[in-house]
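Here is the structure we will look at, set down as structure tokens.
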Amino acid sequence: MSEGRVKVVEKFPPGRFAETAWVREGRVYEEAGRDYLAFWERAAEELHWFRRWKRVLDRSEAPFYRWFVGGEINITYNCLDRHAESWRRNKVAIIWEGEPGERRVLTYGELLREVGRFANALRSLGVERGDRVTLYMGMVPELPVAMLACARIGAVHSVVFGGFSARALADRINDCEAKVVVTQDGAFRRGRIIPLKDNVDVALREVQSVERVVVLKRADNDVEMHGDRDVWWHELVAGKSPKCDALPVDSEHPLFILYTSGTTGKPKGVLHVHGGYNVGVHLTAKWVFDLKDRDIYWCTADIGWITGHSYIVYGPLSNGATVVMYEGAPDYPSPARWWEIIERYGVTILYTAPTAIRFFMKLGEEWIKGHDLSTLRLLGSVGEPINPRAWLWYHEVVGGRRCPIVDTWWQTETGMIMITPLPGVSTLKPGSASRPFPGVFAKVVDENGEEVKPNQGGYLVITRPWPAMLRTVWGDPERYVKTYFGTFPGMYFTGDGARVDEEGDFWIIGRIDDVINVSGHRLGTAELESALVSHESVAEAAVIGVPHEIKGQAVVAFVVLRDGVESTPELKEELRRHVAEEIGPIAKPEEIHFVSMLPKTRSGKIMRRILRALEEGREIGDVTTLEDVKAIEEVKRTEQE
Ligand code: WT7
């Protein structure tokens with residue numbers, strides 16, 4: 001996006017929104033700034049604790065911070081029991097719509113019972129406190145049920161996005177040594193069926209730890225059930241009691257592991273815990289989305305990503321909200337689907353990604369016009385910087401100029417929204433994520449960790465711990481320390497570039513590491529490259545991200561073939577398919593260039609900067625570190641072909 005730095009021509013003050021918002025005064029920022037531990041302590045008091053904490057924050061083993069030390073909690077008590085015991089018992093928790101068109105509604109009371117039944121079912125399979133359970137499912141109500149059921153008995157869930165391949169699934173199961181996998185026969189996607197159970201079967205050929213597989217019947221496609229290992233969900237829960245008390249666990253007890261891409265080939269298992277995470281997602285969901293009991297809240301993310309964990313499941317349910325969940329593709333059976341859903345259920349808050357906004361922008365307004373979107377009162381954006389043009393379109397065409405837009409910056413690792421407007425307080429600037437949430441401290445620094453001047457680009461860091469922060473990288477504490485606290489001592493390094501304008505508003509530039517952001521999904525270049533070289537025809541590969549009109553960034557690969565292998569269009573197709581099989585369809589390279597060598601530094605590091613400049617048609621800067629200038633010439637030639 002080249003318009004990222006356009007001059008702000010318009011600002012949007014909160015207007016009438018401020019009259020009723022949870023937060024109406026900028027004072028909260030100063031209050032939280034004066035004593036941030038007292039601020040987070042007050043936030044924790046909004047939740048139910050089985051035992052109150054003794055200390056808010058323990059830094060004695062920094063950067064392994066511990067929050068609400070000595071407290072006992074269970075996040076599912078706050079998401080379920082608290083509401084089921086109140087007037088919200090029969091309030092709708094989840095409105096679900098399947099891609100083929102079925103509808104299901106679960107009240108808080110019903111959700112509690114479903115979770116209890118499945119928690120008892122997991123126990124009957126031998127799942128105990130601390131055990132890992134991999135959930136490889138689509139967007140069905142049983143996914144949040146399974147997550148909450150794990151958390152209820154102190155087990156640790158690891159959701160693997162249903163778009164990931166068997167290979168990627170196997171790696172993730174092996175890394176956390178899951179004992180049980182929960183999946184479904186198939187998942188609907190754009191009218192087709194993704195064979196999730198078949199993928200599990202393939203994955204488990206390379207897995208030792210898994211004892212049992214639970215299979216939800218969803219798409220009715222044929223699957224093979226393996227004797228003692230596999231069990232149908234409906235047969236397993238039949239006869240199980242719907243009552244299962246939430247197990248009180250330590251504040252720091254693991255809640256879930258979610259894998260995300262980094263700079264090396266191996267995805268990182270980001271670990272979140274019950275206590276601090278609950279506090280962080282509860283307060284941010286409430287304040288950023290201004291969640292009220294009458295809202296119908298819809299976050300369009302897939303639960304396979306952190307956005308779904310924090311802002312479909314835990315944050316909204318902790319607040320007793322009504323959540324819409326949609327199973328399928330946004331343009332199935334037609335590009336009107338989302339707008340029909342908003343109209344059908346009277347959605348008041350919509351949280352989505354810039355890539356989706358650009359997608360609908362391109363399709364044209366006729367799919368939106370004619371749908372009553374007047375219930376909407378707040379819009380949200382997440383996943384990548386939103387370009388001002390898309391912001392203005394979202395504001396006008398979807399929001400009818402009434403709705404503030406909260407552009408929320410955060411990461412899998414941060415667990416909760418970190419930089420964001422507060423809709424009743426902030427003056428919005430299209431393209432800016434506004435300011436750190438109260439009690440969150442961020443700045444932009446240079447290579448030496450010194451804060452840069454306004455409007456100067458630099459590295460985005462978080463300078464103090466926050467309650468929902470990741471606690472470690474599963475099984476690799478050294479990687480946790482090195483990746484996040486190794487660059488600037490004492491500060492959490494985000495991997496993003498940013499600038500702060502003269503009014504203190506943050507403008508996120510994007511990843512500055514070897515991570516590509518495709519449609520808001522994080523892909524590591526190393527992961528993509530190892531997928532390519534795992535093909536028999538490939539000797540070497542380098543991958544870069546290039547700007548893409550709808551996806552934000554797209555993957556472009558430069559491939560050196562093995563001696564004697566012919567470079568054909570068919571091979572290109574095969575390699576693209578191969579990457580999709582290795583990682584998942586979202587990782588499919590947009591383009592592949594065959595070259596006979598790659599530009600490298602003398603120490604052998606691939607110079608992605610050069611490849612990027614070539615792809616974008618820019619002049620190449622200093623190439624004195626290049627091992628072979630010929631490689632550039634050649635890449636240039638293939639560009640012109
Ligand atoms: C990376 C985190 C957090 C949910 C989705 C992605 C980029 C995210 C924004 C935003 C600019 C953003 C960053 C970040 N990002 N939101 N509002 N403005 N960039 O989670 O896969 O952990 O990716 O997404 O580059 O580091 P994730």
Side-chain angles (χ1 to χ4, degrees), residues 1 4-5 159 161 163-164 257-263 267-270 272 277 280-281 284-285 288 299-315 351-357 379-388 390-391 394 405-421 426 428-437 442 444 457 459-462 468-470 473 483-484 492-500 505-524 527 545 551-553 584 586-587:
M1 297 301 105
R5 268 188 173 231
V159 181
F161 174 55
F164 274 126
I257 300 165
L258 186 58
Y259 287 88
T260 189
S261 298
T263 44
K268 294 176 284 211
V270 169
H272 286 287
Y277 177 80
V281 298
T284 48
V288 174
C299 166
T300 65
D302 191 288
I303 293 178
W305 311 106
I306 191 69
T307 309
H309 282 60
S310 299
Y311 299 108
I312 296 178
V313 183
Y314 291 113
Y351 189 30
T352 192
T355 182
I357 298 164
L379 304 174
S381 169
V382 63
E384 58 176 305
I386 177 164
N387 47 308
W391 195 103
Y394 193 27
I405 299 178
V406 287
D407 176 359
T408 61
W409 178 90
W410 57 295
Q411 309 178 299
T412 304
E413 293 88 341
T414 69
M416 66 183 220
I417 292 170
M418 299 290 277
I419 302 179
T420 176
S426 313
L428 308 173
K429 301 173 187 174
S432 164
S434 201
R435 295 169 63 176
F437 188 82
V444 176
Y459 305 97
L460 179 65
V461 295
I462 312 293
M469 68 191 296
L470 79 163
V473 172
T483 309
Y484 303 108
Y492 169 89
F493 178 45
T494 63
D496 277 345
R499 69 183 169 94
V500 180
D505 284 314
F506 284 66
W507 298 75
I508 313 295
I509 297 160
R511 303 295 304 194
I512 45 125
D513 51 12
D514 290 333
V515 171
I516 303 177
N517 187 334
V518 179
S519 300
H521 302 311
R522 239 206 256 186
L523 297 167
E527 222 176 321
K551 302 176 184 173
Q553 278 191 304
I586 48 163

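Just so you know, these numbers use all the heavy atoms, side chains as well, and skip hydrogens, waters and symmetry mates. Read the numbers this way: they start at 1 and go in the same order the structure lists the ligands and their atoms.
- Under the side-chain hydrogen bond (donor to acceptor under 3.5 Å, both in side chains) criterion, N517 pairs with no residue, sequence neighbours left out.
- At under 3.5 Å, a nitrogen or oxygen of D407, whether backbone or side chain, sits near a nitrogen or oxygen of ligand 1.
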Residues M469, T414; criterion side chain to side chain contact (heavy atoms under 4.5 Å, CB included); working and verdict: CA-CA 5 Å; M469 68 191 296; T414 69; over 6 Å; no
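- Ring geometry for W305 against F161 counts as tilted: the plane angle lies between 30° and 60°, on a 0 to 90° scale.
- Closest to atom 5 (C) of ligand 1, if we only count protein heavy atoms, is T307 OG1, 3.5 Å.
- No donor-acceptor pair under 3.5 Å is formed between the side chain of R499 and the backbone N or O of W507.
- Side chains of T420 and T408: a donor-acceptor N/O pair is absent below 3.5 angstrom, by distance only.
- At a heavy-atom cutoff of 4.0 Å, ligand 1 is contacted by the side chain of N517 but not by its backbone.
- Ligand 1 has an N or O atom lying under 3.5 Å from an N or O atom of T408, backbone or side chain.
- Protein heavy atom in closest approach to atom 11 (C) of ligand 1: P385 N, 3.0 Å.
- Across G383, S381, G308, heavy-atom proximity to atom 16 (N) of ligand 1 is greatest for G383.
- Y394 places a side-chain N or O within donor-acceptor distance of the main-chain N or O of G380, the cut-off being under 3.5 Å.
- For E384, every heavy-atom contact with ligand 1 shorter than 4.0 Å involves the backbone, none the side chain.
- In this structure, the protein non-hydrogen atom closest to atom 6 (C) of ligand 1 is G520 O, 4.1 Å.
- Regarding atom 22 (O) of ligand 1, its nearest protein heavy-atom neighbour is T412 OG1, 2.6 Å.
- Under a 4.0 Å heavy-atom criterion, A433 is not in contact with ligand 1.
- Residues passing the side-chain contact (heavy atoms from CB on, under 4.5 Å) test with S519, sequence neighbours excluded: T355, H521, K551.
- Contacts of T414 with ligand 1, taken as heavy-atom pairs under 4.0 Å, are absent altogether.
- Of the protein's non-hydrogen atoms, W410 O, 3.7 Å is the one closest to atom 2 (C) of ligand 1.
- Of all protein heavy atoms, the one lying nearest to atom 14 (C) of ligand 1 is D496 OD2, 3.2 Å.
- Counted by atom type alone, S381 and Y351 present zero donor-acceptor pairs between their side chains at under 3.5 Å.
- Under a 4.0 Å N-O distance rule, the pair E527/K268 does not qualify as a salt bridge.
- A donor-acceptor pair is defined here as one N or O able to donate and one able to accept, closer than 3.5 Å; no such pair exists between the side chain of E413 and the backbone of V270.
- At least one N or O atom of R511, backbone or side chain, sits closer than 3.5 Å to an N or O atom of ligand 1.
- Residue, atom and distance of the protein heavy atom nearest to atom 23 (O) of ligand 1 are R522 NE, 3.4 Å.
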